[in-house]
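Here's the structure, in structure tokens; my notes come after.
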Amino acid sequence: MFIAYFALWVILNGKWTLEIGVFGVIFAALLFAFSCRFMGYSVKKDLALARGAVSAARYGVMLLGEIVKANLAVIRMILDLEFEPKPQLVRFESGLKKARHRVALADSITLTPGTITCLLEGDSFVVHCLDESLADGLDDGAMISALRRMEEKGGRTLEETEEEQ
């Protein structure tokens with residue numbers, strides 16, 4: 001939160017000088033102290049959020065790569081005059097424990113061209129695929145692996161950190 005306060009100070013000033021930087025650090029520290037005292041923020045929460053942000057950024061880059069690959073596959077299908085789509089529904093269980101990761105997977109599948117998440121109940125997914133070739137790797141693909149690593153590496157969640165205080 002300190003970094004966000006400092007960045008906001010610099011952005012709102014519109015220019016950078018040593019004086020603006022020093023005053024920005026002072027004001028950001030005062031606002032952060034106020035936030036910790038009266039709004040329940042803490043350094044532990046900020047560190048937990050920062051760790052999650054790095055993992056989320058990695059996942060976002062990986063998702064963009066998967067979207068590009070799926071776009072190219074769908075373009076090939078469209079341009080191939082002999083192509084006959086064989087749509088299918090795929091059922092699988094992800095093995096993800098946290099609801100937010102299951103929802104992120106469902107949304108990621110829907111964002112990927114040629115696939116739509118039709119149903120998410122607990123850990124069970126039903127996905128409609130434009131063609132059977134797009135169904136390959138849904139149940140054990142890169143997105144699920146990345147989300148599993150995020151669950152394993154994440155350790156304590158933000159909620160667990162809040163409960164300690």
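Starting from 1, each residue takes its place in the sequence as its number.
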Backbone of K97 reached by a side-chain donor or acceptor of R102 within 3.5 Å: yes
Geometric class of the F38/F34 ring pair [parallel <30°, tilted 30-60°, perpendicular >60°]: tilted
Heavy-atom pair with the smallest gap, counting every atom of A146 and Y59: CB-CD1, 3.8 Å
W9 side chain vs I20 backbone, donor-acceptor pair below 3.5 Å: yes
Approximate separation, where rounding is to 0.5 Å, of L147 CG and E152 CD: 11.0 Å
Connected-component partners of L64 among ILVMFWY, side-chain separation under 4.5 Å: none
Working for side-chain contact (heavy atoms from CB on, under 4.5 Å), residues I116 and V127: CA-CA 6 Å; I116 296 175; V127 178; 5.9 Å; no
Same apolar cluster: F23 and L8, side chain cutoff 4.5 Å: no
Closest heavy-atom pair and its distance - S55, M150: CB-CG, 3.9 Å
ILVMFWY network linking L111 to V74, side-chain heavy atoms under 4.5 angstrom: no
Ring pair (Phe, Tyr, Trp, His ring centres under 6.0 Å) partners of residues 102-144, not counting sequence neighbours, each pair once: F92-F125
Distance in Å, N13 CG paired with K15 NZ, rounded so as to fall on 0.5 Å steps: 8.0 Å
Heavy-atom side-chain contact between P87 and D131 under 4.5 Å: no
C118 side chain near L89 side chain, heavy-atom distance below 4.5 Å: yes
Exercise: identify the closest heavy-atom pair between E93 and S124: CG-CA, 4.2 Å
Listed once per pair and sorted, the salt bridge (Lys or Arg N to Asp or Glu O under 4.0 Å) pairs that draw on residues 54-75, sequence neighbours left out: E66-K69
Side chain T112, main chain S108, donor-acceptor under 3.5 Å: yes
Within one Ile-Leu-Val-Met-Phe-Trp-Tyr cluster: V54 and V61, side-chain cutoff 4.5 Å: no
Minimum side-chain heavy-atom gap M77-S133 below 4.5 Å: yes
Shared hydrophobic cluster, L134 / L63 (ILVMFWY, side-chain heavy atoms < 4.5 Å): no
Non-hydrogen side-chain atoms of T110 and T115 separated by less than 4.5 Å: no
Greater than 12 external heavy atoms within 6.0 Å of F83's CZ: yes
Distance in Å, D123 CG paired with S94 OG, rounded so as to fall on 0.5 Å steps: 3.5 Å
Main-chain N/O of I109 paired to T117 side chain as donor or acceptor, under 3.5 Å: no
Check: R148 side chain, M143 main-chain N or O, donor-acceptor pair, under 3.5 Å: no
Backbone of E82 reached by a side-chain donor or acceptor of D80 within 3.5 Å: yes
pair F2-V43: side-chain heavy atoms closer than 4.5 Å: no
In one Ile/Leu/Val/Met/Phe/Trp/Tyr side-chain cluster, 4.5 Å: F32, L12: no
Spacing of L105 atom CG and R100 atom CZ [to the nearest 0.5 Å]: 14.5 Å
Heavy-atom check, side chain of E19 versus side chain of V22, under 4.5 Å: no
Atom CG of L72: over 12 foreign heavy atoms under 6.0 Å: yes
Steps toward side-chain contact (heavy atoms from CB on, under 4.5 Å) verdict (V90, V126): CA-CA 6 Å; V90 178; V126 176; over 6 Å; no
Minimal non-hydrogen separation, F6 against G24, with atom names: CD1-C, 3.5 Å
